[in-house]
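No hydrogens, no waters, no symmetry mates; every other heavy atom, side chains included, goes into these values.
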Amino acid sequence: MYQEEFISFNMTIMTENNEILAQHLKNFAALTEKDIAESETFWKTRKINKGDFFNMQSMVCNDLGLVVKGIFRIYYHDPKTETDKNIFFFSENQFVVSFRSFISQNPCWYYIEAMEDAEIIFISYRDLHSLYAKNTNWLHFGKLLAELFFAYAQTRAEEFMFFSHEERYLRLLDEHPNIIERIPAYHISSFLGITNPSLSRIRKRVKR
């Protein structure tokens, strides 16, 4: 009886995740039901505990994930100073990947760590490229994915050139509205390139 209930529970989760994935793919790349059905066997569900990794520094990032639940940070660990620098955060309904490593199949420069107990739906590089090879709609998906991650990288660079600390903080809240309540403040400080006291002053001025 227990085994039957467990199987039924897992099937429910898989169905819910498939629905989340299908809706995201339709919204992101206007993929059809037929396109999505063609990819269905390639997508897998994975739970990642808080503090565990989607990908490790110096390893090739072989998977593209869609965040169903949780927040991930992409960070660089400097072996000389033994310090971490947060580069990106990804949360629900965002793709998570080290994109340069994924497309080049070269080792990643970053860690991708779950900051909460998390769940993702993911597809491998090999399976995604098999879809590209036989379906032009999926090839269009790949083009949009590349444009998305190029935009992330350029926006990140421009924020440090053109925006104040407070403006960067507000932009972070726009993208991840509840992030302050969900992860330690020092991770926010690292991402913004400021000290913890500076972040505290900004939070006092900005009531959101």
Considering non-hydrogen atoms only, spot the tightest contact between [X] and [Y] and give its length.
| X | Y | result |
| --- | --- | --- |
| C61 | V97 | SG-CG2, 3.7 Å |
| C108 | S98 | SG-OG, 3.0 Å |
| I202 | H165 | CD1-CB, 3.8 Å |
| A118 | G70 | CB-CA, 4.1 Å |
| D35 | W138 | O-NE1, 3.0 Å |
| Y76 | P79 | OH-CD, 3.8 Å |

Going by the rule salt bridge (charged side-chain N to carboxylate O under 4.0 Å, His left out), which residues pair with [X] if we only count those two or more places apart in sequence or in a different chain?
| X | value |
| --- | --- |
| R73 | D84, E113 |
| E116 | R182 |
| E167 | none |

Does [X] have more than 12 heavy atoms from other residues, nucleotides or ligands lying within 6.0 Å of its [atom1]?
| X | atom1 | value |
| --- | --- | --- |
| R205 | CZ | yes |
| E33 | CD | no |
| K50 | NZ | no |

Distance in Å, [X] [atom1] paired with [Y] [atom2], rounded so as to fall on 0.5 Å steps:
| X | Y | atom1 | atom2 | answer |
| --- | --- | --- | --- | --- |
| D117 | I71 | CG | CD1 | 12.5 Å |
| I179 | L172 | CD1 | CG | 5.0 Å |
| Y169 | I188 | OH | CD1 | 7.5 Å |
| I123 | F42 | CD1 | CZ | 6.5 Å |
| I112 | D52 | CD1 | CG | 13.5 Å |
| N18 | L25 | CG | CG | 10.5 Å |

Taking the side chain as every heavy atom from C-beta outward, state whether [X] and [Y] have any pair of such atoms under 4.5 Å apart.
| X | Y | value |
| --- | --- | --- |
| V68 | L21 | no |
| L170 | F163 | no |
| H77 | E82 | yes |
| K85 | D78 | no |
| E119 | T45 | yes |
| L131 | K134 | yes |

Where the side chain of [X] meets the backbone of [Y], is there a donor-acceptor pair that is under 3.5 Å apart?
| X | Y | value |
| --- | --- | --- |
| K44 | T41 | yes |
| D63 | G65 | no |
| N27 | Q23 | yes |
| Q94 | S91 | yes |

Point to revise | Worked verdict on F149 versus F102 for ring-ring contact (aromatic ring centres under 6.0 Å, His included) | key: CA-CA 11 Å; F149 277 87; F102 185 73; 9.1 Å; no
Going hydrophobic residue to hydrophobic residue with side-chain gaps under 4.5 angstrom, can you get from [X] over to [Y]?
| X | Y | result |
| --- | --- | --- |
| L139 | W43 | yes |
| L192 | I74 | no |
| I87 | L199 | no |
| M115 | L173 | yes |
| I120 | V60 | no |

Review point. Mind checking who shares a hydrophobic cluster with M59, ILVMFWY linked at side-chain heavy-atom distances under 4.5 Å?
Key: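 Its cluster partners, ordered by chain and number, are F53, M56, Y75, Y111.
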Exercise for review: With sequence neighbours excluded, give me every ring-ring contact (aromatic ring centres under 6.0 Å, His included) pair touching residues 183-207.
Suggested key: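 Applying ring-ring contact (aromatic ring centres under 6.0 Å, His included) to every pair that reaches into residues 183-207, excluding sequence neighbours, yields F89-F191.
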Practice item. Would you please test E175 and R171 for salt bridge (Lys or Arg N to Asp or Glu O under 4.0 Å) and show each step? Key: CA-CA 6 Å; E175 188 169 2; R171 288 167 68 87; over 6 Å; no
Review point. Do S130 and D127 meet the criterion of a side-chain donor-acceptor pair at a distance under 3.5 Å?
Key: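 Note: S130 and D127 side chains miss the donor-acceptor criterion.
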Check your understanding: With a 3.5 Å cut-off and no angle check, do the side chains of N62 and S124 form a donor-acceptor pair?
Key ->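 Their side chains do not contain a donor-acceptor pair, so the 3.5 Å distance test is not met.
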Any idea how [X] and [Y] line up, ring-wise: parallel (<30°), tilted (30 to 60°), or perpendicular (>60°)?
| X | Y | value |
| --- | --- | --- |
| F88 | Y152 | tilted |
| H129 | Y125 | tilted |
| Y132 | F141 | tilted |

**Study point:** L148/F99 under side chain to side chain contact (heavy atoms under 4.5 Å, CB included): CA gap, chis, key distance, verdict
**Key:** CA-CA 10 Å; L148 174 67; F99 194 68; over 6 Å; no
Practice item. Using side chain to side chain contact (heavy atoms under 4.5 Å, CB included) as the criterion, list what pairs up with S198, not counting sequence neighbours. Key: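 Counting only residues at least two positions away or on another chain, S198 forms a side chain to side chain contact (heavy atoms under 4.5 Å, CB included) with I194, T195, R201.
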Review point. Under 6.0 Å between ring centres, would you say that holds for F54 and F122?
Key: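 Centroid distance F54-F122: not below 6.0 Å, so no.
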